[in-house]
Amino acid sequence: VKPDFEFKGEEFTSLAWIHRKIANLDIYFVTNQRERWEAVECLFRVQGKVPEIWNPETGEVELAPAFWERDGRTVVLLRLPPFGSVFVVFRPSLKPVDAVVGFRRDGANAWLPERPPAKRLEIKRAIYGVLNDPSKCVDVTKQLQAMVKEGQLVVQASNAIAGDPAPFIVKQLRVDYTLDGEERTEIVREGEVLEIPKGAGLLAHFPADLRVNEKGQIELVAWQSRIYTIQTRAGRKRTINVKSMPEPLALDDNWEVRFPPNWGAPEVVKFERLISWSQHPDAGVRYFSGTATYLREFEVPKEWLSKEKVIVLDLGIVRHIAEVRLNGVSLGVKWKPPFRWDITKFVKVGKNMLEVVVTNNWVNRLIGDEDLPDDCEWREDGGLRAFPQWFVEGKQRPSGRLTFTTWKYYRKGSLLEEAGLLGPVRLIFGTCWSP
């Protein structure tokens with residue numbers, strides 16, 4: 001008996017899945033366990049049924065554009081966003097579906113993602129083990145340096161790197177490195193996969209997308225000008241020459257960022273270029289936790305708007321939640337990548353006002369408060385000994401700290417997390433081709 005589910009992807013691709021049968025339906029829930037885009041060939045032990053793709057975030061349902069049968073199972077090509085998931089629902093069909101079995105761009109496989117240009121990565125020092133006990137660590141610098149390929153490092157923190165320096169103890173991998181000359185540090189627990197540059201897989205993009213319209217016809221949405229070839233199960237072959245496409249419009253500079261009052265940061269800060277709040281010279285911004293609003297104008301010429309055109313706003317990397325408002329209209333909140341919105345119906349000719357409302361987590365403010373005097377008593381294990389009198393009486397904190405917890409999670413000098421809108425922010429233009 002063949003496996004109920006299998007997949008083929010890139011190195012370290014990790015999917016989780018479960019299968020349920022309801023009457024004559026076969027329902028699979030497939031999830032991407034990595035923070036990067038995945039293009040995978042999935043094999044389901046189902047035959048004679050048509051797969052539908054159900055989006056659990058939006059509720060949208062469409063026929064899978066590309067699938068075929070092989071040795072008693074159904075092959076479905078899936079594109080899964082970072083930490084993304086889909087329901088693949090197989091149901092009997094009364095009429096044959098002429099799905100796609102081949103999709104190429106200038107002769108190359110158009111299903112696969114295109115990664116961003118490689119950066120200059122140099123591994124300075126790498127240690128694996130119990131980091132606060134040098135006797136239980138091993139230097140793995142040379143091993144990781146040898147693993148760098150095309151400016152990227154993907155490695156699982158495990159004993160496979162250089163043996164086990166501390167048996168029966170959960171270990172960590174610390175890597176000190178430079179990326180285009182900028183010094184950085186990453187720490188991951190044993191069993192986790194470390195990817196440097198962090199978030200590189202988030203920025204992958206596809207040259208074109210295929211989708212099934214309401215009439216059951218295959219549509220091509222091309223984001224790049226090339227020659228695309230689509231081949232179907234019935235042997236039909238279609239060639240589309242996309243001759244010219246506008247280049248993406250970069251929106252990485254000249255942002256005005258508004259922070260809430262009385263929360264440490266200035267109320268208005270100019271960002272000449274997008275950087276993490278944790279890298280800002282102003283301590284109030286560096287340690288800020290909460291919600292801030294980015295504002296910027298951009299212009300769209302008339303020729304970019306037509307019936308066939310599609311315009312997508314791509315925020316790149318966001319830490320951690322974002323809401324987009326365009327010309328005063330809220331386009332919704334996204335809490336995970338991809339941070340992309342179809343703005344075709346909302347953009348207008350001429351000037352457009354873009355607002356991006358970003359919320360990070362509490363970590364950086366908790367760390368920033370450790371620079372201020374303590375006004376609580378703590379046990380040796382890190383727990384609060386007793387509620388302080390100022391808290392009991394509902395008075396303002398005498399230390400000026402902005403956060404209060406019953407456990408000391410961080411210490412002064414702890415590593416800050418990335419926060420805010422990191423980008424790159426772009427308007428991406430596409431053209432829709434229908435039969």
Side-chain angles (χ1 to χ4, degrees), residues 7-10 37-44 50-53 55 60-71 73-81 86 88 93 95-117 203-249 301-312 314 338 340 342-345 426-435:
F7 66 89
K8 296 179 182 178
E10 296 182 291
W37 281 92
E38 299 284 4
V40 287
E41 179 183 288
C42 297
L43 291 90
F44 301 87
V50 174
E52 300 170 348
I53 306 300
N55 188 323
E60 295 175 326
V61 177
E62 66 175 7
L63 290 177
F67 67 92
W68 60 91
E69 292 188 358
R70 179 197 298 164
D71 298 331
R73 293 189 292 180
T74 301
V75 179
V76 182
L77 297 183
L78 295 179
R79 286 174 174 173
L80 295 172
V86 295
V88 184
S93 177
K95 60 180 181 179
V97 177
D98 195 15
V100 173
V101 297
F103 181 36
R104 308 193 73 80
R105 178 180 69 106
D106 290 348
N109 191 345
W111 285 111
L112 301 179
E114 294 185 346
R115 306 295 182 184
L203 302 178
H205 63 276
F206 297 88
D209 295 322
L210 292 181
R211 63 191 185 190
V212 181
N213 63 22
E214 296 178 352
K215 299 178 181 179
Q217 300 168 321
I218 298 294
E219 292 183 342
L220 169 72
V221 181
W223 308 105
Q224 297 179 4
S225 56
R226 291 291 188 272
I227 297 177
Y228 296 91
T229 304
I230 301 172
Q231 188 170 350
T232 67
R233 297 172 65 184
R236 297 186 180 91
K237 192 173 182 180
R238 182 181 177 206
T239 299
I240 301 172
N241 187 1
V242 182
K243 295 183 178 180
S244 62
M245 293 288 296
E247 289 294 321
L249 177 63
K302 184 177 181 180
E303 57 268 23
W304 287 358
L305 299 178
S306 66
K307 185 178 180 180
E308 302 81 18
K309 293 293 189 297
V310 179
I311 303 180
V312 169
D314 187 345
R340 296 176 182 172
D342 187 335
I343 63 172
T344 309
K345 297 179 181 179
R426 302 180 303 163
L427 291 187
I428 304 175
F429 307 96
T431 298
C432 182
W433 297 79
S434 299

_Rounded distance (nearest 0.5 Å) linking atom NZ of Lys237 with atom CD1 of Ile230_ = 12.0 Å
*For Leu220 and Leu210, run side-chain contact (heavy atoms from CB on, under 4.5 Å): C-alpha distance rounded to whole Å, both residues' side-chain angles, the deciding distance at 0.1 Å, then the answer.*
CA-CA 5 Å; Leu220 169 72; Leu210 292 181; 3.9 Å; yes
*Which distance, rounded to the nearest 0.5 Å, do you find between the CG of Asn213 and the CD of Glu219?*
4.0 Å
*Which heavy atom of Lys243 sits nearest a heavy atom of Ser225, and at what distance?*
O-CB, 3.5 Å
*For Ile311, does its backbone N or O pair with a side-chain atom of Thr344 as donor and acceptor, under 3.5 Å?*
yes
*Listed by chain and number, what are the ring-ring contact (aromatic ring centres under 6.0 Å, His included) partners of Phe67, not counting sequence neighbours?*
none
*asked:* Checking the side chain of Asp98 only, and the main-chain atoms of Ala234 only, is there a donor and an acceptor separated by less than 3.5 Å?
replied: yes
_Please evaluate residues Val242 and Trp433 with respect to the criterion side-chain contact (heavy atoms from CB on, under 4.5 Å), reporting the C-alpha separation (whole Å), side-chain torsions for both, the decisive distance (0.1 Å), and the verdict._
CA-CA 9 Å; Val242 182; Trp433 297 79; 3.6 Å; yes
*To the nearest 0.5 Å, what is the distance between CG (Asn55) and CD (Glu62)?*
9.0 Å
*Less than 4.5 Å apart, any side-chain heavy atom of Leu77 and any of Phe103?*
no
_Ionic contact status for Glu60 with Arg211, cut-off 4.0 Å_ = no
*Could you tell me the separation between the NZ atom of Lys309 and the OG1 atom of Thr431, rounded to the nearest 0.5 Å?*
4.5 Å
*Is Glu303 atom CD crowded by more than 12 heavy atoms from other residues, nucleotides or ligands, each under 6.0 Å away?*
yes
*Look at Arg340 together with Asp314 and state whether they make a salt bridge at an N to O cut-off of under 4.0 Å.*
yes
*Criterion side-chain contact (heavy atoms from CB on, under 4.5 Å) on Ile218 and Val100, from CA distance to verdict*: CA-CA 8 Å; Ile218 298 294; Val100 173; 4.0 Å; yes
*Evaluate the side-chain proximity of Glu10 to Glu38: yes if any heavy-atom separation is below 4.5 Å, no if none is.*
yes
*Under 4.5 Å between any side-chain heavy atoms of Val101 and Val75, yes or no?*
no
*What distance separates Arg105 CZ from Thr229 OG1, expressed to the nearest 0.5 Å?*
11.5 Å
*asked:* Run Trp37 and Phe206 through ring pair (Phe, Tyr, Trp, His ring centres under 6.0 Å) and show every step you take.
replied: CA-CA 10 Å; Trp37 281 92; Phe206 297 88; 5.5 Å; yes
*asked:* Checking the side chain of Asn241 only, and the main-chain atoms of Ile227 only, is there a donor and an acceptor separated by less than 3.5 Å?
replied: no
*Check Leu112 against Pro207 and note the closest heavy-atom contact, atom names and distance.*
O-CD, 4.1 Å
*Side-chain heavy-atom pair Val88, Ile53 within 4.5 angstrom cut-off*: yes
*Is there a side-chain contact (heavy atoms from CB on, under 4.5 Å) between Arg79 and Asp209 once you walk through the steps?*
CA-CA 10 Å; Arg79 286 174 174 173; Asp209 295 322; 2.7 Å; yes
*asked:* Classify the ring geometry of Phe429 against Trp304: parallel below 30°, tilted from 30° to 60°, perpendicular beyond 60°.
replied: tilted
*Report the distance from atom CG of Leu63 to atom CD of Glu52, rounding to the nearest 0.5 Å.*
6.0 Å
*Identify, with sequence neighbours excluded, every residue that meets ring-ring contact (aromatic ring centres under 6.0 Å, His included) alongside Trp223.*
none
